[in-house]
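Ligands are counted one by one from 1 in listed order, and the atoms in each one are counted from 1 as well. For clarity, every value in this text was computed on a predicted model and none was experimentally measured.
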Amino acid sequence: MTRAKLSLYDTTLRDGQQTQGVQFSTAEKQAIAAMLDTLGVDYIEGGWPGANPTDSAFFETAQTQHATLTAFGMTKRVGRSAENDDVLAAVLNAGTPAVCLVGKTHPFHVDTALGCTLDENLEAIRASIAHVTAQGREALFDAEHFFDGYSADPDYAIACATTALDAGARWIVLCDTNGGTMPGRIAEVTRAVIEAGVPGSHLGIHTHNDTEQAVAGSLAAVEAGARQIQGTLNGLGERCGNANLTALIPTLVLKSPYREMFDTGISTDGLADLTRISRKLDDILNRVPRREAAYVGASAFAHKAGLHASAIAKNPATYEHIPPETVGNARIIPMSNQAGLSNLRKRLEGAGLPTDDTDALRLILDRIKTREDAGYSYDTAQASFELLAREALGQLPDFFEVKRYRVTVERRKNKYDQVVSLSEAVVVVKVGGEKKLSVSESMDAEGTDRGPVNALAKALTKDLGAYQDLIEDIRLVDFKVRITQGGTEAVTRVIIDSEDDKGRRWSTVGVSANIVDASFEALVDAIRWKLVQDT
Ligand SMILES: CC(=O)SCCNC(=O)CCNC(=O)[C@H](O)C(C)(C)COP(=O)(O)OP(=O)(O)OC[C@H]1O[C@@H](n2cnc3c(N)ncnc32)[C@H](O)[C@@H]1OP(=O)(O)O
Ligand SMILES: CC(=O)C(=O)O
């Protein structure tokens with residue numbers, strides 16, 4: 001059976017940039033466009049030229065090998081010709097092979113937002129699309145508020161779509177702009193538009209995630225006959241986001257009936273790059289990747305429960321809907337109070353530790369469950385888990401012993417009458433039979449106070465004797481604090497993420513009634529884990 005072409009249109013750089021808190025630089029836009037191009041999407045909407053300097057600068061240098069670069073804009077304003085509309089001119093001046101114009105299709109919006117008549121809006125759509133195609137560009141029409149507009153006045157919404165089609169638009173994209181339409185209704189309206197004369201091969205779908213159904217709505221539209229999906233990486237986008245291409249792409253490529261029906265042009269290699277691309281985008285945005293994200297999240301193939309881990313060891317298909325490597329992800333078997341011997345064996349094997357002493361393994365499981373009851377959490381702090389296991393198995397070298405530590409925090413006025421704070425830490429350790437006392441302050445080279453935990457970390461890593469060279473490259477990259485329940489008392493749990501020059505990243509946990517003490521415990525574990533790896 002020949003598969004129909006399903007066009008993928010990425011709007012991460014336009015609608016994705018409408019996410020609250022997201023502000024791409026031109027260089028970041030270029031990096032994201034390059035990733036999308038390699039991934040194999042058909043269109044990359046780079047932004048709105050003329051709307052801001054970043055978007056204009058992006059189009060000055062943007063290049064793609066595979067994807068059609070697309071500039072976004074709006075239909076001309078009423079009262080001026082398309083040729084004399086300065087906003088439209090700036091969009092066209094970007095010189096892209098494709099141009100996507102958003103236009104109104106809902107009488108309420110024509111009246112309220114534009115303040116013109118329904119006929120004037122139809123003429124604006126016609127003239128704008130005709131102007132784009134007259135310049136030899138491919139035109140797309142984003143039919144804004146189409147589903148709500150169709151419900152209010154089906155004839156007018158259809159007239160907007162057919163006007164754009166007749167004026168030469170290659171794609172009429174039905175937009176669920178407010179994100180409130182149910183997938184069943186999206187399918188029903190899409191079918192009605194096709195019946196009214198817009199062929200499915202010219203119809204696209206653009207959904208928003210306000211009811212957490214943007215992906216479902218997109219799939220409903222293609223099942224009804226639409227042949228283009230617009231979406232964004234990691235589901236970025238205005239308000240609750242757009243249809244998430246990072247979830248849609250694997251579904252379209254791997255799942256029935258889509259894989260038999262459609263050719264998306266995404267290769268096996270492109271699919272296997274998806275997890276890296278998703279995390280790279282988060283890295284650019286300085287966001288922590290969503291662990292539970294479908295297909296690409298760190299937990300998407302994490303098997304925490306003992307029953308699951310036991311079956312996974314026999315055959316991964318027991319609890320995995322696809323092999324994780326298909327999308328470039330990896331299986332993990334975390335340790336926690338939900339774990340059994342199977343989880344434990346898998347984790348110990350991964351750390352190169354013996355798994356044959358069942359009594360020792362039971363002891364480790366008991367310790368984990370008891371400590372988790374006291375407030376610890378090992379399913380993310382896998383480095384602390386490994387240290388606990390090594391200790392129980394008698395495989396943890398006695399690198400150093402902390403004899404005592406002290407931290408003071410001072411808040412005072414300086415000579416300029418400004419309030420300043422400063423922490424000072426003293427740590428005494430015993431290394432190789434020798435006692436060492438180190439003192440550090442929390443002030444960094446720029447004179448900024450980095451707080452008591454920073455002062456402690458500096459003091460602890462100042463002089464560890466023979467181990468000093470091995471710990472110089474440790475960096476503390478994330479620090480999470482949580483008030484939780486330890487038995488019957490409230491305690492503080494601190495999780496610290498560290499990394500080193502070898503590109504390793506590891507997490508450790510500490511628990512105490514006192515936040516500084518919990519942090520100190522996690523810091524000590526971070527150093528011990530690093531020494532285990534490098535000695
Ligand atoms: C559904 C979507 O996500 S569409 C994409 C929306 N994206 C953005 O708005 C981001 C980029 N936008 C911008 O930088 C600015 O809004 C600009 C440069 C485009 C316009 O700025 P301004 O000229 O200051 O106008 P402003 O943003 O205040 O208002 C939008 C104007 O466009 C008009 N307009 C809105 N949609 C359309 C349309 N489809 N066709 C013609 N005019 C439109 C509005 O009626 C309003 O006109 P008014 O100023 O006469 O009331
Ligand atoms: C065009 C667009 O982004 C929307 O209607 O949601």
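D37 places a side-chain N or O within donor-acceptor distance of the main-chain N or O of Q65, the cut-off being under 3.5 Å.
Taking both residues in full, the closest heavy atoms of I496 and S519 are given as CD1-O, 3.8 Å, listed atom of the first, atom of the second, then distance. The shortest heavy-atom contact between A139 and I129 is CB-CG2, 4.0 Å.
The N/O atoms of E144, backbone and side chain alike, include none that comes under 3.5 Å of an N/O atom in ligand 2. Polar contact with ligand 2: absent for H145 (N/O pair, distance under 3.5 Å).
The only option from N242, T207, T251 that meets the side chain to side chain donor-acceptor pair (under 3.5 Å) definition with S218 turns out to be T207.
The protein atom (non-hydrogen) at minimum distance from atom 2 (C) of ligand 2 is H206 NE2, 3.3 Å.
Under a cutoff of 6.0 Å and an axis angle of 45°, R14 and F72 form a cation-pi pair.
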Is there a ring-ring contact (aromatic ring centres under 6.0 Å, His included) between H106 and F147 once you walk through the steps?
CA-CA 9 Å; H106 187 330; F147 295 93; over 10 Å; no
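Atom CZ of residue F262 and atom CG of residue L252 lie 7.5 Å apart, to the nearest 0.5 angstrom. A distance of 10.5 Å separates CZ of R475 from CZ of R505, quoted to the nearest 0.5 Å.
For ligand 2, the atoms sitting less than 4.0 Å from at least one non-hydrogen atom of D15 are 3 (O), numbered in the order shown with element in parentheses. Taking every non-hydrogen atom of D142 and a distance limit under 4.0 Å, the qualifying atoms of ligand 2 come out as 1 (C). Less than 4.0 angstrom separates some heavy atom of H208 from each of these atoms of ligand 2: 6 (O).
Within 4.0 Å of ligand 1, the residues that place a heavy atom are R14, Q18, W48, A51, F72, M74, T75, K76, R77, V102, G103, K104, A113, L114, E144, T177, listed by chain and number.
By the criterion of a heavy-atom distance under 4.0 Å, both the backbone and the side chain of T177 are placed next to ligand 2. With a 4.0 Å heavy-atom cut-off, ligand 2 is reached by no atom of E238.
Partners of F58 according to the ring-ring contact (aromatic ring centres under 6.0 Å, His included) rule, which considers only residues two or more places apart in sequence or in another chain, do not exist here.
For the residue pair Q338 / H308, no side-chain donor-acceptor distance below 3.5 Å is found, with atom types taken as modelled.
Heavy-atom distances between R14 and ligand 2 reach below 4.0 Å in at least one pair.
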